[in-house]
**Q** 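Handing you a structure now.
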There are 2 protein chains.
Amino acid sequence: MAETARTPVSRLRADGSPSDGTADAKSRYGNRPTMKDVAARAGVGLKTVSRVVNGEPGVTPDTERRVQEAIDALGFRRNDSARVLRKGRTASIGLVLEDLADPFYGPLSRAVEEVARAHGALLINGSSAEDPDREQELVLALCARRVDGLVVIPAGDDHRYLEPEIAAGVATVFVDRPPGRIDADVVLSDSFGGARDGVAHLIAHGHRRIGFIGDQPRIHTAIERLRGYRAAMADADIDVDESWVSLGPTDPERVRHAAESMLTGPAPVTAVFAGNNRVTVTVVRVLAALPRPVALVGFDDIELADLLSPGVTVVAQDAAQLGRTAAERLFRQLDGASDAPERIELPTRLITRGSGELAPAD
Amino acid sequence: MAETARTPVSRLRADGSPSDGTADAKSRYGNRPTMKDVAARAGVGLKTVSRVVNGEPGVTPDTERRVQEAIDALGFRRNDSARVLRKGRTASIGLVLEDLADPFYGPLSRAVEEVARAHGALLINGSSAEDPDREQELVLALCARRVDGLVVIPAGDDHRYLEPEIAAGVATVFVDRPPGRIDADVVLSDSFGGARDGVAHLIAHGHRRIGFIGDQPRIHTAIERLRGYRAAMADADIDVDESWVSLGPTDPERVRHAAESMLTGPAPVTAVFAGNNRVTVTVVRVLAALPRPVALVGFDDIELADLLSPGVTVVAQDAAQLGRTAAERLFRQLDGASDAPERIELPTRLITRGSGELAPAD
DNA sequence: TAGAACCTGGACAACGTTGTCAGATGCAAG
DNA sequence: CTTGCATCTGACAACGTTGTCCAGGTTCTA
């Protein structure tokens, strides 16, 4: 059945609609009822409708009923744009991350959303695709929408463009990577410590020639994890052969090439530390095709890592906790806390599953 | 932790321009500069500023420069709330899905975002957590924000509450599951056909006792996939023992219990068809602990499925394509197309990796 | 040189809501 | 039958932007 009462006529209309008299009048949506319309229908004043809609006190039950009937009859829905204009707060926050499709960011944005929801706010989000210009464009678009706050996983390394916004009261928290050239709240995982522990774990199982494959060097976490790698190696008095280290984009081709080359040189590595989830996945594929076992520890947990053989040992960070902490910090700012910008570092956790405990196959 | 003093009037820093005398009654709260402020500073009219900001023609280069300088000096950013109020279009679309953290929805929302971006729109999104009330609440909140359009992965089965919105011109497209009790565009994967093919594949490899574990029966895809299962079984003249069929929540406990019980009865199944990615993951775990091999085909592809042994055979749907198609359809509506609501069904693809080709271990 | 055609700039009125404030109304007490 | 007081109610002015429209000024044509 399902016959619709949809009017085929007024779907929406581009700005310069032909003829149709004044463009100033309602050439936009099919006419949506406003509070004025509701007031007229209910035979009350405009403000009374506003009071009913917002549950303000001071309306007789009888009046309220009349207004409610008019609202239902007309299908009225408050226009929040106008409300925002008047009140100044939008009850929405922006989340700028690198890629919504990356499994690492899913739980993170979900956590941010949960916190936002608990505070009655909606979440607007966008992917920067690791492009600083796009990050800035997105952030500024969000500011133009007057989001109350921003959670940013930065792609760029210069955030001075945010200074006027922050000064104007846009609460801002960075996550996963610190901001560049401004002082602001930031929530991070302990990339340095996590990587150091992971590499130390490999060393403890007898490895000395250990490879490191990480993300591009302009990304803070990549540098930190490499630093952790070097620290662990130094602690064990192992000289790092620079052919064991590779930073760059994390697309499968590049990573595969990097892995293969450090596995085949004159001094082939017996273990690999993978700098993030995407790297790990590709390295697992490369190692699976090898005749000899090569140990592997990856940064970030991956689904099904426990079911591979051997299971993949990882340094896990809690993406959801990262997002939750950041969002909570954001709303603390919005609630008026005026603490100095703080850097919060969350611990990582080594999960041993087998691949990191393989002995070197020398 | 030390408690910090909270002042209600905190981070809003009214930029005190000492020389400017006009800042008396107007700028009581640390407000942002408006076009009026810019106009005053540049010594031009309000509308001229608007023209510069929007790149409209009819401004001398010299005037434009003066205005631009004032904009930069004040850190002016157009207030889109006001703009929206005036123009009627928000250049934003809403996406309501089940769970942002589910790996199936990541690529889908990313695709929607890409299309939105290509049309200059931002994406507001929220998770319904499979709760119809929450879905409605979210959708209506988005409508109050006056999003131009909605992409909805429905949790509920009655969407008549959307009728006034659609009539008022909110473009609407459903994805992954059809809407309930209204007529609207919908983009689906071919759940029925995909499941039928997957089960037929198992039958072709000699299985006759095949289990089906799916999502809750109020979810459309769960029903469709079960229908596909029954169709394939009927085509092969196999009577389905109802102890082989289990629908319900997809949490690991429930799925594990369902799998174990159909694997241990008097007529234990020799193969399992898993109704979605979450079910598959748990079933893989259960089967991995079994002494005898049991065949498995899962609906939805999973990362690393190829690296397990055996590799997991799946009926893959293209989540990104689903999102892209829906979003494109949405913007076609917004561009004024007034086609009748349409149902678009995307094909699935069987990917054989080993688990689905195991012979029955009778 | 006057008039027309054109260009630039600005005054003003919306858009739909909420905060303020003063006017109505009802009821009890004087 | 007033007065006082508490409740309700509605007119009106913002909020910051854009569409309309007209006033000046300039250049070009007759």
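The sequence lines fix the lettering, A, B, ..., with proteins before strands; numbering per chain opens at 1.
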**Q** Expressed as a whole number of angstroms, how long is the span from A/R145:CZ to D/dT17:C1'?
**A** 14 Å
**Q** Looking across every strand, which nucleic acid part, if any, lies under 4.0 Å from B/N54 by heavy atom: base, sugar-phosphate, or nothing?
**A** sugar-phosphate
**Q** What is the separation between atom CZ on B/R66 and atom P on C/dT8, rounded to the nearest whole Å?
**A**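 B/R66 atom CZ is separated from C/dT8 atom P by 14 Å.
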**Q** For A/M35 and D/dC15, give me the distance from atom CE to atom P, rounded to whole Å.
**A** 19 Å
**Q** By nearest nucleotide on DNA chain D, pick out whichever of A/G43 and A/A82 is the more 5' one.
**A** A/G43
**Q** Which residues pass the side chain to side chain donor-acceptor pair (under 3.5 Å) test with B/R51, not counting sequence neighbours?
**A**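 Scan of B/R51 (side chain to side chain donor-acceptor pair (under 3.5 Å), adjacent residues dropped) gives none.
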**Q** Considering only C/dG10, C/dT17, D/dG16, which nucleotide approaches the side chain of A/F76 most closely?
**A**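 Nearest nucleotide to the side chain: C/dT17.
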**Q** From D/dC15, D/dT17, D/dT9, pick the nucleotide closest to the side chain of A/L85?
**A** D/dC15
**Q** For A/R332, is there an ion pair with A/D335 - N to carboxylate O distance below 4.0 angstrom?
**A**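 Here A/D335 does not pair with A/R332 in a salt bridge, since their nearest N and O are not under 4.0 Å apart.
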**Q** Under 3.5 Å, is there a donor-acceptor pair between the side chain of A/R145 and the main chain of B/T90?
**A**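 At least one qualifying donor-acceptor pair exists.
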**Q** Separation of A/R65 atom CZ from D/dT9 atom P, in whole Å?
**A**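 The distance from CZ of A/R65 to P of D/dT9 comes to 13 Å, rounded to the nearest Å.
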**Q** So which nucleotide from C/dT20, D/dT18, C/dT17 ends up closest to the side chain of A/R83?
**A**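 The answer is C/dT17.
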**Q** Which nucleotide, C/dG9, D/dG10, D/dT9, lies nearest any side-chain atom of B/T60?
**A**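 Among the listed nucleotides, the one closest to the side chain of B/T60 is C/dG9.
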**Q** OG1/A/T172 to CG/A/D185 distance, rounded to the nearest 0.5 angstrom?
**A** 9.0 Å
**Q** Under 4.0 Å: is that the gap between some side-chain N or O of A/S81 and OP1 or OP2 of C/dT17?
**A** no
**Q** Roughly, in whole Å, what's the span from CZ in B/R89 to C1' in C/dG16?
**A** 19 Å
**Q** By the 4.0 Å heavy-atom rule, please label B/V53 as base, sugar-phosphate, or nothing.
**A** nothing
**Q** Calculate the interatomic distance between A/D62 atom CG and C/dT25 atom P; express it in whole Å.
**A**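 The answer, rounded to whole Å, is 16 Å.
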**Q** Examine the base of C/dG9 for any acceptor or donor lying under 3.5 Å from a partner atom in the side chain of B/R51, and report the outcome as yes or no.
**A**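 Present.
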**Q** Rounding to an integer number of Å, can you tell me how far A/D37 CG sits from C/dG16 P?
**A** 8 Å
**Q** What's the closest nucleotide to the A/K87 side chain, out of C/dT17, C/dT18, C/dG10?
**A**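 For the A/K87 side chain, the nearest candidate turns out to be C/dT18.
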**Q** Classify A/V84 by what it touches in the nucleic acid, base, sugar-phosphate, or nothing, heavy-atom distance under 4.0 Å.
**A**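 The answer is nothing, as A/V84 stays clear of every strand by at least 4.0 Å.
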**Q** Go through D/dG19, D/dG10, D/dT17 for me and flag the one nearest to the A/T48 side chain.
**A** D/dG10
**Q** Please determine whether a side-chain nitrogen of the Lys or Arg among B/R32 and A/E165 lies less than 4.0 Å from a carboxylate oxygen of the Asp or Glu.
**A**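 Result for this pair is yes, salt bridge flagged.
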**Q** Could you say whether B/V44 or A/E56 is positioned toward the 5' end of DNA chain C, judged by the nucleotide with the nearest heavy atom to each?
**A** B/V44
**Q** Which part of the nucleic acid, if any, lies within contact of A/V59, taking any heavy atom under 4.0 Å across all strands shown: a base, the sugar-phosphate backbone alone, or nothing?
**A** sugar-phosphate
**Q** With a cut-off of less than 4.0 Å, is there a side-chain N or O of B/T34 near OP1 or OP2 of D/dC15?
**A** no
**Q** Is there a side-chain contact between B/S50 and the phosphate of D/dT18, meaning an N or O under 4.0 Å from OP1 or OP2?
**A** yes
**Q** How long is the span from the CZ atom in A/R66 to the CD1 atom in A/I71, to the nearest 0.5 Å?
**A**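 Going from the CZ atom of A/R66 to the CD1 atom of A/I71 covers 12.5 Å.
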**Q** Got a donor-acceptor pair under 3.5 Å from the side chain of B/K47 to the base of D/dG19?
**A** yes
**Q** Round to the nearest Å and state the distance from B/L46 atom CG to D/dG16 atom P.
**A**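 One finds 11 Å between P of D/dG16 and CG of B/L46, rounded.
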**Q** Any side-chain N or O of A/N79 below 4.0 angstrom from OP1/OP2 of C/dC15?
**A** no
